[in-house]
Amino acid sequence: MAGLTLKGVRKAYGTIAVIHGVDLAIADGEFIVFVGPSGCGKSTLLRIIAGLEDVTDGEIAIDGLDVTRVPASDRGLAMVFQSYALYPHMTVYKNMAFALENMGLAHTETDGRVRRAAKMLRLTEYLERKPKALSGGQRQRVAIGRAIVRDPKIFLLDEPLSNLDAELRVATRKELAALHAEIGGTMIYVTHDQVEAMTMAHRIVVLRGGRIEQVGTPLDLYNRPDNLFVAGFIGSPRMNLLPVQVISPGLVRVGETGEPIKVTTGSLAVGASATLGVRPEHIALADGAADLTLTIDLVEQLGGDTYFYASAPGLPQITVRQNGQALRGRGETLPVRFEPAHLHLFDAQGAAVRPGR
Amino acid sequence: MKPIQLLRARRRSGHWHWTDIAAYAYLGLGVILMFGPVVWLVLSSFKTQASLLEFPPSLLPLSQQEVRIAGFPQPLPLFAATLDNGERRELAQIRRIGLIAQMVDPADPKQQYRVATAKLAPVRHLSFMTSNYTEPLQKFAFTRYLWNSVFVTMIATLITLLINSMAAYALSIYEFRGKTIAMLMVIGTLMIPITIILVPVYLVVTKLGLVNSLWAVILPGAATPTGVFLLRQYMLTLPRDLIEAARMDKASEWQIYWRIVMPLAAPALAVLAIFSIMWRWNEFLWPLAVLTKSESFTLQIGLNAFQGELQTQWNYLLAMTVVSLIPVALVFVFLQRFIATGIANTGMK
Amino acid sequence: MTDLPTGIEPQAAPTASLLARLRRAGGTAFGAVLGALLRLVDRPMRLLQQLVGERRMAYVFLLPNLVFFSLFVFVPLAIDLVFSFTGGESLFPSQRPYVGTDQYAYLFDCGSFFDPASCRVDHFWRGVANTLRFTIFQLVSMVTFSLVTALVLNMPIRGRGFFRAVYFFPVLLSPVVVALVWKWILQRDGLLNAGLTMIGGQKILFFVDPGWAMFWSVFVSVWAHMGFYTLILLAGLQAIPADLYEAAQMDATPRWRVLWRITLPLLWPNLIVVIVLALIRGVQTFDEVFVLTGGGPGTATLMIVQYIYETAFASQVQNFGLAAAASIVLGVVLFLLTLAQLSRTRSAS
């Protein structure tokens, strides 16, 4: 169990920089999720922590000890690969015991650890099988087991669920969270799926283009996104982002002709262009005065919820989420009102506008 | 079903195009032309020295029947004789005087005949001269050659597999300075035949004090560019994740090579092993140059020497040729598909 | 991902169960040996890794192969050059006097390059002429026959595997065996002459007539190696998508047109490989012809490589310098051919 610190970590392949100075401190026992679109550098960052990639610049410390130049095999970390990377010629047992043998552990100790992990992961009856003879979920558990037996300082998980089907992914997600609760190690988990990030993480690190966009608890990111990118990335369906203009301090107008909407405008000048963010669940159907009147393009009935995809002239399509089964059809008008407490305003550079800023 | 129907059954349309007939004719001719010589070799290898020199040769290994008759110390050759009265009888020949042979009836040794040799036809039966095979084993250093060939083939193949796979591992898994140069050197030597460096390799071997030692045959060809190339191409297809996982599992680089990469490259290693066995077993020019003492001859050199020395002893030569074919035949029967895929995939031999 | 690339996986054979059992038994024993070996090597390797670092282990893995390459390829290449610019009879470069380009001048001292007899080293030039003639005839017949065979074997015929094996098996035979088999058939009282006299012809002394000796040299070479080239072409044919043929069938394209407009153009890359390989092999020809004809009658089938071998090893005066000069000339020719092949394969892929 250990904490991890990254200081000014940079990585470049030749002249192409992929990580532009990352600073991050991870506490002992934390479950951290790196999330971002593909190519954002999250996997590279994980591999840098693992020691599989050299850093171009910066420092990595585990428990306060600088490990920047320590090779992967000596950092005492364990990694679960996206492809699982199970040794195809070894049985499940051998796969899990391989690292322990390399560490020079006594045979009885190795055996005990492997069997304990196998029991925890319900793999006991598959110990003598080869990976080829296992289902996807089982392989995934072997990969995790291989990490657990090591009792590593930090677990690194590189999109471990991406090769599972949707149903299994949800089930394994819950198991992983339970597992973390049980063994309590520090875990760094990479995914491009913000739902995985939201459901499992203590803290989420949102990355884009090799830079950290925001670090915070899932609800922090959901409730107070620092910028347009995080706002758009976290939450499903996505936050609606509408072009607005500040018409007076504390008031903006959607498009050219919309009703004035009350929102904190901070230091934005009157007349400035900005972006108003409002999540689909924070748009209510208006009984009386509407902030905006939309025309329904498409309705999705999920039973528990209803999604309207609606549009207004000059605006991008807007998603509206209603609890229950709202019975409206395509082409009908949809007068809506934004919940004032849940509006986000972003300046022209995409940064969130906060009170007093 | 008749064969013709069997052949026809394959075509949905059911009618014959002339190219089909031509194809089968070609294949039939091919079978005779390709198999014939080897079948002929094997049949001939069981013939007696005498019947090998016979012209025209008989197809099957036949030898003249001989009978032992009381009163004659030697077994006598048996002939079918046409007697003066037109009767045909099987008689043994005691001696020949000019055109007349003195014959005896095996059933009744007291009865003797004089028959013109023109009226005699040898009585022959199928007999396999296994002594063609057993005698060289005692008379000549044949077992020595056999052992030398087996030794060279085995040791050379093991060395080749080991050092080629190590180089291939380095060239496929690592990034290091000089990698491109190393690759270029491998590709550059792909087509340098032993022929053009025959003399200087001989010098190197002399300097190493290896002339007339089997190691002189084993070592020079151990590092094969083809082998490195083949193995590297295969190792490149192994998932990088496996290597990295092993590194995370605290495996040393040697362990990664020996316990992860080698087992996974087994199919390619098998192909190289087969090729190496073929090369080494059949190798000729280099051993011919470097092995001058007959106790260090390999089978191929031994055979070549025999065909020079034993011009008249075709029976032994043919039998030994057949023996030298046995490992090749085994490889062929069991691993033909393997080799075929190997060649098709790599275009090498 | 655990499904590793299985490009060279063996096909299941009927003997699989027996083989599998053998393999398992052998595998366990082999595994034990390998395990012991690993433990023995692992510790020093780990120490070495700590010493040189993880990344530089690549050099350690590369080292053995490199040593072999240097010792038996690169150093010899350099010595070859030294030899070719020095004279004398010594094998050791230090004892050889520098003669400049004398060896080459001597080698190329010809009255007319079209007449070997006008050259100082007429054997070399006869070798060149013979090799050229051999290579051309061999190339043409090799390409023709392997192409026809591949086309026939690619047809939907019964017993394709068997026929493929028939054409392929001589590839595995050693050149010595191939030559001996045919020598046995072609000798004065051999099978072929028996056949000739049976149909009323005369015996032909194949190895006394220069024309016949060359013919059979080419024939035997094609017989022995055709299977190899056929396989390469067959692999190419089978890579042509079947729907192209179906499309042609839908368009009612005649067969010859399909062959000419679809098959051959798409097979072209493989054909190039075959042509260049056959060319290179032809220039390097030695073993079969040497054992079959000994270069004779006279010098009628003497090839360049045989000349080099005999000049350096088999003649009274071992003229290493001249042999090296001839090797370098041959090496340059082979290098150019290899370059041609590399550029072709690059442009093809």
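Within every chain, numbering begins at 1; the chains are lettered A, B, ... in the order of the sequence lines, protein sequences first and strands thereafter.
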Does some side-chain heavy atom of [Y] sit less than 4.5 Å from a side-chain heavy atom of [X]?
X	Y	result
C/Phe219	B/Leu33	yes
B/Tyr174	C/Arg56	no
B/Met185	C/Phe74	yes
B/Pro37	C/Trp182	yes
C/Met45	B/Tyr257	no

- Apply the test side-chain contact (heavy atoms from CB on, under 4.5 Å) to residues C/Leu173 and B/Asn282: give CA-CA distance (whole Å), side-chain angles for both, the deciding distance (0.1 Å), then the verdict. CA-CA 7 Å; C/Leu173 302 185; B/Asn282 294 339; 5.9 Å; no
- Distance (rounded to the nearest 0.5 Å) between C/Arg164 CZ and B/Leu27 CG: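 Between C/Arg164 CZ and B/Leu27 CG, I get 13.5 Å after rounding to 0.5 Å.
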- Go through the steps to decide whether B/Leu288 and C/Tyr309 satisfy the test side-chain contact (heavy atoms from CB on, under 4.5 Å), and finish with yes or no. CA-CA 9 Å; B/Leu288 183 67; C/Tyr309 164 74; 3.3 Å; yes
With a 4.5 angstrom heavy-atom cut-off, which part of [X] approaches chain B: side chain, backbone, both or neither?
X	value
C/Tyr59	side chain
C/Tyr229	neither
C/Leu153	side chain
C/Phe286	side chain
C/Phe145	both

- Message: Counting only heavy atoms not in B/Phe176 (residues, nucleotides, ligands), do more than 12 fall under 6.0 Å from its CZ?
- Response: yes
- In terms of heavy-atom contacts, does CD1 of B/Ile181 have more than 12 from other residues, nucleotides or ligands at under 6.0 Å?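 Atom CD1 in B/Ile181 is not packed in, count stays at 12 or less.
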Picking from [options], which has the most non-hydrogen pairs under 4.5 angstrom with chain B?
options	value
C/Phe162, C/Phe320, C/Trp223, C/Phe83	C/Trp223
C/Leu330, C/Leu180, C/Leu151	C/Leu180
C/Val73, C/Ile328, C/Val291, C/Val60	C/Val291
C/Val329, C/Val148, C/Asn270, C/Leu234	C/Val148
C/Gln50, C/Met57, C/Arg55, C/Arg46	C/Arg46
C/Leu66, C/Ile308, C/Thr149, C/Leu71	C/Thr149

- Query: What residue, out of B/Leu219, B/Thr292, B/Leu299, has the most heavy-atom pairs lying under 4.5 Å from chain C?
  - Reply: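 With the most close heavy-atom pairs to chain C, the winner is B/Leu219.
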- Message: Checking C/Trp184 against B/Ser44: is there a side-chain donor and acceptor pair closer than 3.5 Å?
- Response: yes
- Part of B/Arg247 lying under 4.5 Å from any heavy atom of chain C: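 Side chain only.
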- Note on the structure: The interface call for B/Lys207 against chain C, heavy-atom contacts under 4.5 Å, is side chain
- Task: Write out all pairs satisfying side-chain hydrogen bond (donor to acceptor under 3.5 Å, both in side chains) with one or both partners inside residues 66-84 of chain C, taking only residues at least two apart or from two chains.
- Result: C/Ser84-C/Tyr104
- Carefully, step by step, assess B/Ser252 and C/Asp42 under the rule side-chain contact (heavy atoms from CB on, under 4.5 Å). CA-CA 8 Å; B/Ser252 70; C/Asp42 188 37; 3.5 Å; yes
- Please name the pair of heavy atoms, one in B/Met278 and one in C/Leu172, separated by the smallest distance, quoted to 0.1 Å. SD-CD2, 2.9 Å
- Item | Over all atoms of both residues, closest heavy-atom pair of B/Val31 and C/Phe163 | CG2-CE2, 3.6 Å
- Task: Check the pair B/Ile197 / C/Phe72 against side-chain contact (heavy atoms from CB on, under 4.5 Å), numbers first and verdict last.
- Result: CA-CA 8 Å; B/Ile197 49 174; C/Phe72 298 114; over 6 Å; no
- Message: Can you list everything that forms a side chain to side chain contact (heavy atoms under 4.5 Å, CB included) with B/Val322? Sequence neighbours excluded, please.
- Response: B/Leu41, B/Val42, B/Ser45, B/Tyr133
- Message: Please check: side-chain N/O of C/Gln49 versus main-chain N/O of B/Glu253, any donor-acceptor pairing under 3.5 Å?
- Response: yes
- Task: Measure the acute angle between the ring planes of B/Phe35 and C/Phe169, then classify it against the limits of 30° and 60° as parallel, tilted or perpendicular.
- Result: tilted
- Item | Aromatic plane relationship, B/Phe284 with C/Phe290 - under 30° parallel, 30 to 60° tilted, over 60° perpendicular | tilted
